[in-house]
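Here the structure is laid out as structure tokens; the discussion comes afterwards.
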Amino acid sequence: MSDYHPQDLDRKWQARWAESQAFEVTEDPARPKFYCLEMFAYPSGHAHVGHVRNYIIGDVVARLKRLQGFNVLHPFGWDAFGLPAENAAIKSGIHPETSTLDNIAHMKGQLQRLGISYAWGRELATCLPDYYRWNQWLFTRMFERGLAYRRRSTVNWCPVDHTVLANEQVVDGACWRCGTPVEQQDLEQWFFRITAYADDLLSGADRLTEWPDKVLTMQRNWIGRSEGARVTFALADLPGGIDVFTTRIDTIFGATFVLLGPEHGLVQTFADLADDPQAFREQVSRFRGQDRAGRVSGAVEKEGFFTGQFAVNPFTGERVPIWVANFVLGEYGTGAVMAVPFGDQRDFEFARKYNLPIRVVIRPADGEAPDVDRMTEAHADDGFLVDSGAYTGLSSAEARRRLSNQAEGRGIGEATVQFRLKDWGISRQRYWGTPIPMIHCPQCGVVPVPDDQLPVVLPKVAQFTGRGDSPLASIPEFVNVACPRCGGAARRETDTMDTFVDSSWYFYRFADAHNDRLPFDPKKAAYWCPVDFYSGGVEHAILHLIYSRFFARVFRDLGMVDHSEPFTHLLTQGMVLKDGAVMSKSKGNVVDPDTMVQKVGADALRLYVMFVAPPEKEVEWTDSGLDGSFRWLARVWRLAEQWRTGAAGGGTEASDATRPVDQAALSPDERAIRRKTHDTIRRVTQDIDVRKQLNTAVSAMMELVNDLYLFTDKGTRTPQASLVAREAVESLVLMLSPCAPHTADELGERYGPQGGLAAATWPVYDPEVARAEEVVIPVQVNGKLRGRITAPPDASDAELETLALAEPGVRGHVDGKTVKKVVVAKGRLVSIVAG
RNA sequence: GCCGGGGUGGCGAAACUGGCAGACGCACGGGACUUAAAAUCCCGAGACCCGCAAGGGUCGUGUGGGUUCGAUCCCCACCCCCGGCACCA
């Protein structure tokens with residue numbers, strides 16, 4: 001019997017796994033596949049415990065599935081482009097490629113020291129040309145299909161990072177990365193037409209039954225579908241009109257004014273016609289500046305001013321004033337709204353403030369129309385139309401249908417669907433990203449780089465100054481190029497792609513990581529994909545996870561994959577806190593996994609992270625909890641070693657393991673241990689495989705170990721006792737192996753089953769053995785627990801009732817009373833009502 | 001404001017379909033072993049009350065109500081915490 005030295009086991013087994021390439025896989029149509037994936041990592045330099053929690057969770061699932069006989073793909077890679085490396089280069093002068101590759105090497109070592117079972121043969125890094133050339137290839141395919149396009153637009157600009165941000169990357173009006181308030185700039189940008197898939201992405205969410213509701217809700221809100229109508233209000237005194245989007249066309253008879261956002265195209269025209277164009281423009285630019293500040297602070301006073309122009313309400317024929325209002329958003333809908341102060345709180349407040357007319361147009365289903373003068377807020381509910389011409393008396397829903405049809409018939413509008421989701425701006429004025437494979441030719445316009453000239457390799461740049469435009473623009477050898485179409489002098493695009501492009505399809509690349517003809521072979525993707533189990537941080541609920549769903553649809557429409565949803569089961573793991581805060585280098589509260597591994601071994605760290613709480617939950621790091629996990633593993637070790645060496649008695653030979661256990665010959669204690677063993681197999685399998693509750697799986701194993709210690713203490717020395725203990729310990733070792741693989745592999749090798757765990761399969765639960773011989777059933781009298789009875793598990797209701805009424809503790813509360821009712825919950829409880 | 005998730009011992013948590021609340025662990029206390037300590041093994045432990053004791057009783061899952069033989073679980077109202085969205089017409 002030897003002591004538990006986890007560090008030695010870590011070294012031994014990690015070397016052996018690497019040597020045997022234990023986790024490399026190829027397609028095998030004869031076996032069911034399982035694709036287990038954790039979100040790949042940004043190579044920041046050092047992984048802390050918060051990061052590795054995710055990899056541990058995924059590894060437990062991967063290892064379980066492998067033992068269950070699945071052909072498991074469990075790869076890892078690096079989200080290696082991005083701003084921090086470039087910003088660091090500006091400060092330190094170290095090239096991003098150097099620092100990134102160094103960081104990758106270090107973090108890979110950290111993961112290997114945790115014994116995560118990755119197929120390292122498929123490792124990828126997005127900053128390498130053999131990966132990002134496929135970004136370029138895909139960009140070209142999207143360009144050909146009109147899914148990638150260029151337009152001038154007002155974009156979110158981060159003045160610190162010197163780059164454009166997607167709407168999703170603007171948080172509270174500030175850059176998601178550095179927190180600087182975002183500015184607006186007009187630039188020519190590349191966009192991906194994700195809005196073409198808005199409905200598909202929304203309806204697909206209904207079928208993601210194994211995703212957390214939280215994530216689906218966030219995605220649905222983000223897509224923000226709303227049904228309504230577009231209606232044109234003609235200008236009263238000028239040619240043309242104003243298109244508005246409304247979800248409440250049923251209230252159009254109450255539209256007493258029109259509001260333009262400060263970004264609206266007509267605002268300039270109206271300014272030119274105004275009495276004081278200068279003052280007009282100053283107001284507008286003040287509003288445009290306010291918009292940003294308002295988002296940061298959350299509330300800006302609603303204000304506006306009259307443009308001097310009027311429009312015509314297409315249904316009432318009235319002249320209605322046109323105002324500019326600071327709360328109307330330029331980028332949503334048409335950038336203009338019809339104002340119905342009766343039904344919209346914002347319009348109501350605006351009308352009261354500027355004395356604009358309010359007209360009552362809806363009465364509630366069960367009451368009278370309100371009195372305008374006594375209204376203190378807008379009435380937003382549906383009801384029945386009043387004072388609405390030919391539509392008076394209709395329900396809101398019916399009126400919406402008829403009014404939309406009428407508008408369409410008259411050519412002044414139509415029913416439409418509006419999305420909050422906008423096209424994805426992907427141009428970045430940075431160096432450390434995928435070059436956009438386009439060439440600007442004065443003769444031919446925008447021309448894609450032909451496939452046979454891909455990749456457009458990112459040139460080495462000597463200097464990072466952090467100023468000006470795209471760093472690539474300052475490299476003449478990169479910029480100046482012959483047009484692929486006419487051969488004339490042309491310029492390369494010098495922007496790079498948003499790094500979220502890289503992460504939107506890397507999971508397909510893992511299916512065929514070394515393909516040099518295509519991003520991946522569709523046949524290989526058809527075998528491995530979609531990902532069966534995907535885990536990562538909830539912070540990617542909208543960005544990464546919606547873009548990936550978009551790309552899956554693009555690949556689907558290119559005929560390269562046969563599904564729409566890339567991730568079948570999603571688990572969003574909670575963060576690990578230290579001293580109540582998220583771990584971060586700047587706060588100085590990071591827990592370094594290497595330090596912990598040196599102290600207690602990889603398995604104790606893995607086990608602690610699993611046991612401390614359910615995976616989705618945030619947890620607070622405690623050193624004492626880690627020590628507890630180490631102590632428990634040592635306890636398991638001693639238990640197994642005792643039975644192996646015969647110290648506990650029995651002294652079974654390995655060959656005894658194959659001898660079947662004769663259930664009838666066992667003592668009650670022995671039968672109890674067998675029952676516990678099989679019940680534990682059931683619980684652990686259910687908890688890891690189905691419920692993904694790793695903490696209760698560990699609890700179940702701890703219970704088994706506690707029982708085995710008591711059993712061992714009783715000192716039974718019969719051959720049957722050894723067989724039963726052997727079965728229990730072997731099962732335990734197998735169940736432990738996803739969580740604590742080094743310890744389990746070592747025990748497996750020492751103890752059996754034959755050939756160690758590499759040849760083993762996940763233990764199977766035998767319901768017959770696990771079945772209790774007798775059950776203890778609580779008895780309630782008038783809802784209070786008054787006694788317990790012992791009965792066979794299949795006892796009839798009548799038998800249970802008789803036993804219950806005979807139980808002394810129960811009699812004390814029933815005697816002298818009338819038993820009015822007895823409820824028997826079979827095998828669970830007897831409830832007596834007496835009075 | 002809207003949407004989602006929560007609130008259970010000193011602490012992390014469990015309770016799977018409405019059926020013994022607090023499994024498992026941390027911290028703590030007691031015992032065994034030891035010259036001693038550590039380690040290990042065993043035992044104890046929701047709160048309050050009665051009892052010398054064995055034991056018994058009452059209360060208890062954020063608050064108040066409801067449904068039910070029975071509620072941490074279902075329903076209604078409310079309080080608090082966390083996360084997301086937030087002038088989206």
Side-chain angles (χ1 to χ4, degrees), chain A residues 171-172 212-222 224-226 228 244-248 251 255 259 261 291 294-295 298-300 302 325-329 331-340 343-347 349-350 380 418-421 538-539 541-542 572 574 608 611-614 616-620 622-629 631-632 634-635 638 683 686-687 690-691 693 695-703 705-706 709-710 712-713 776-788 809 812 820-834:
Chain A
V171 177
D172 291 337
D213 285 342
K214 175 164 63 165
V215 173
L216 293 174
T217 305
M218 283 165 73
Q219 292 212 351
R220 289 188 183 109
N221 291 342
W222 191 261
R225 184 182 201 271
S226 61
V244 300
F245 173 75
T246 178
T247 55
R248 292 300 303 274
T251 63
L259 296 173
D291 188 30
R295 282 199 184 152
V300 166
K302 288 180 186 38
N326 62 347
F327 64 89
V328 176
L329 301 174
E331 70 269 28
Y332 182 77
T334 61
V337 299
M338 67 176 209
V340 182
D344 183 282
Q345 185 62 22
R346 295 156 301 182
D347 298 346
E349 287 167 23
F350 198 83
Q418 182 67 43
F419 292 95
R420 214 190 76 119
L421 181 72
V538 71
E539 66 272 20
I542 36 185
T572 51
Y608 167 68
F611 179 61
V612 66
E616 321 77 52
K617 220 174 146 155
E618 221 168 57
V619 296
E620 173 74 26
T622 61
D623 286 333
S624 56
L626 181 69
D627 294 342
S629 294
R631 282 200 299 267
W632 184 72
R635 185 168 154 91
R638 285 190 298 271
R683 285 170 64 188
Q686 170 84 5
D687 284 352
V690 182
R691 300 207 306 150
Q693 295 289 300
N695 54 328
T696 49
V698 177
S699 299
M701 289 187 273
M702 287 174 167
E703 283 184 39
V705 169
N706 289 348
Y709 262 89
L710 295 182
T712 306
D713 259 13
V776 176
I777 294 174
V779 183
Q780 291 182 349
V781 179
N782 294 336
K784 288 193 164 64
L785 179 69
R786 297 298 183 191
R788 292 185 176 80
K820 292 179 175 163
K821 187 174 177 181
V822 178
V823 181
V824 179
K826 200 160 182 60
R828 285 182 189 273
L829 176 133
V830 179
S831 182
I832 297 163
V833 188

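Just so we're on the same page: letters track the sequence lines, and every chain starts at 1.
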Separation of atom NZ in A:Lys617 from atom C1' in B:C81, rounded to whole Å:
11 Å

Is the base of B:C3 touched by the side chain of A:Arg220 through a donor-acceptor pair closer than 3.5 angstrom?
no

Rounded to whole Å, please give me the gap between CZ in A:Arg638 and C1' in B:A39.
8 Å

Is there, by distance only and without an angle test, a donor paired with an acceptor across the side chain of A:Arg631 and the base of B:A39 below 3.5 Å?
no

Between A:Lys214 and B:G5, does any side-chain N or O lie under 4.0 Å from OP1 or OP2?
no

Donor-acceptor pair present, A:Ser831 side chain and B:C69 base, under 3.5 Å:
yes

To the side chain of A:Gln693, which of B:A14, B:G19, B:G12 is closest?
B:A14

Rounded to whole Å, how long is the line connecting atom NZ of A:Lys784 with atom P of B:A71?
10 Å

Nearest atoms (heavy-atom pairs only) where A:Met338 meets A:Val244
N-CG1, 3.6 Å

A:Lys826, NZ: over 12 other non-hydrogen atoms inside 6.0 angstrom
yes

Expressed in whole Å, how much space separates the C1' atoms belonging to B:G12 and B:G1?
35 Å

Looking at A:Arg346, does any N or O in its side chain come under 4.0 Å of the phosphate oxygens OP1/OP2 on B:C88?
yes

Within the structure shown, what part of the strands sits under 4.0 Å from A:Val833 by heavy-atom distance: base, sugar-phosphate, or nothing?
sugar-phosphate

If we take the C1' atom in both B:G44 and B:G22, what is their distance in whole Å?
16 Å

Euclidean distance for P, B:C26 against B:C85 (whole angstrom):
39 Å

By the 4.0 Å heavy-atom rule, please label A:Val779 as base, sugar-phosphate, or nothing.
nothing

Spacing between A:Arg828 atom CZ and B:C69 atom C1', to the nearest angstrom
16 Å

Of B:A13, B:C41, B:C16, the nucleotide closest to the side chain of A:Arg683 is B:C16

Output the rounded distance in Å from CG (A:Asp627) to P (B:U40).
11 Å

Considering only the C1' atoms, how many Å lie between B:A15 and B:C24, rounded to the nearest integer?
12 Å

Interatomic distance, A:Arg786 CZ vs B:C69 P [rounded to whole Å]:
19 Å

Span that lies between the P atom of B:C33 and that of B:A53, in whole angstrom
28 Å

Are the side chains of A:Asp623 and A:Tyr608 in contact, using a 4.5 Å heavy-atom criterion?
no

At less than 4.0 Å, is any side-chain N or O atom of A:Asn782 found next to OP1 or OP2 of B:G70? Yes or no.
no

Contact under 4.0 Å: A:Ser226 side-chain N or O vs B:A89 OP1/OP2
yes

How about A:Arg691 and A:Thr696: do any of their side-chain heavy atoms sit closer than 4.5 Å?
yes

Let's test this: given Watson-Crick or G-U wobble pairing with both distances under 3.5 Å, identify the partner of B:C85.
B:G1

Would you say A:Arg635 places a side-chain N or O within less than 4.0 Å of OP1 or OP2 belonging to B:C42?
yes

If the C1' atom of B:U68 is compared with that of B:G10, how far apart are they to the nearest Å?
35 Å

What does A:Gly628 touch in the nucleic acid at a heavy-atom separation under 4.0 angstrom: a base, only the sugar-phosphate, or nothing?
sugar-phosphate

Scan A:Tyr709 against the nucleic acid and name what it touches under 4.0 Å (heavy atoms): base, sugar-phosphate only, or nothing.
sugar-phosphate

Between B:G25 and B:U40 - P atom distance, rounded Å:
13 Å

Looking only at side-chain atoms of A:Thr247, point me to the closest of B:A14, B:C20, B:A89.
B:A89

Answer with base, sugar-phosphate or nothing: what part of the nucleic acid does A:Pro212 contact at a heavy-atom distance below 4.0 Å?
nothing

Atom-to-atom span, OH of A:Tyr608 to C1' of B:A27 - whole angstrom
13 Å

Glycosidic class, syn or anti, of B:G9 using a 90° window around 0:
syn

Separation of atom CD in A:Gln219 from atom P in B:G4, rounded to whole Å:
16 Å

Got a donor-acceptor pair under 3.5 Å from the side chain of A:Lys302 to the base of B:C87?
yes

What integer number of Å spans the C1' atoms of B:U61 and B:C20?
15 Å

Let's see if you can work this out: which of B:G12, B:C20, B:C24 has an atom nearest to the side-chain heavy atoms of A:Val612?
B:G12

According to a strict under-4.0 Å criterion, is A:Asn706 in side-chain N/O contact with OP1 or OP2 of B:G25?
yes

Give one of base, sugar-phosphate or nothing for A:Val776, where a contact means two heavy atoms less than 4.0 Å apart.
base

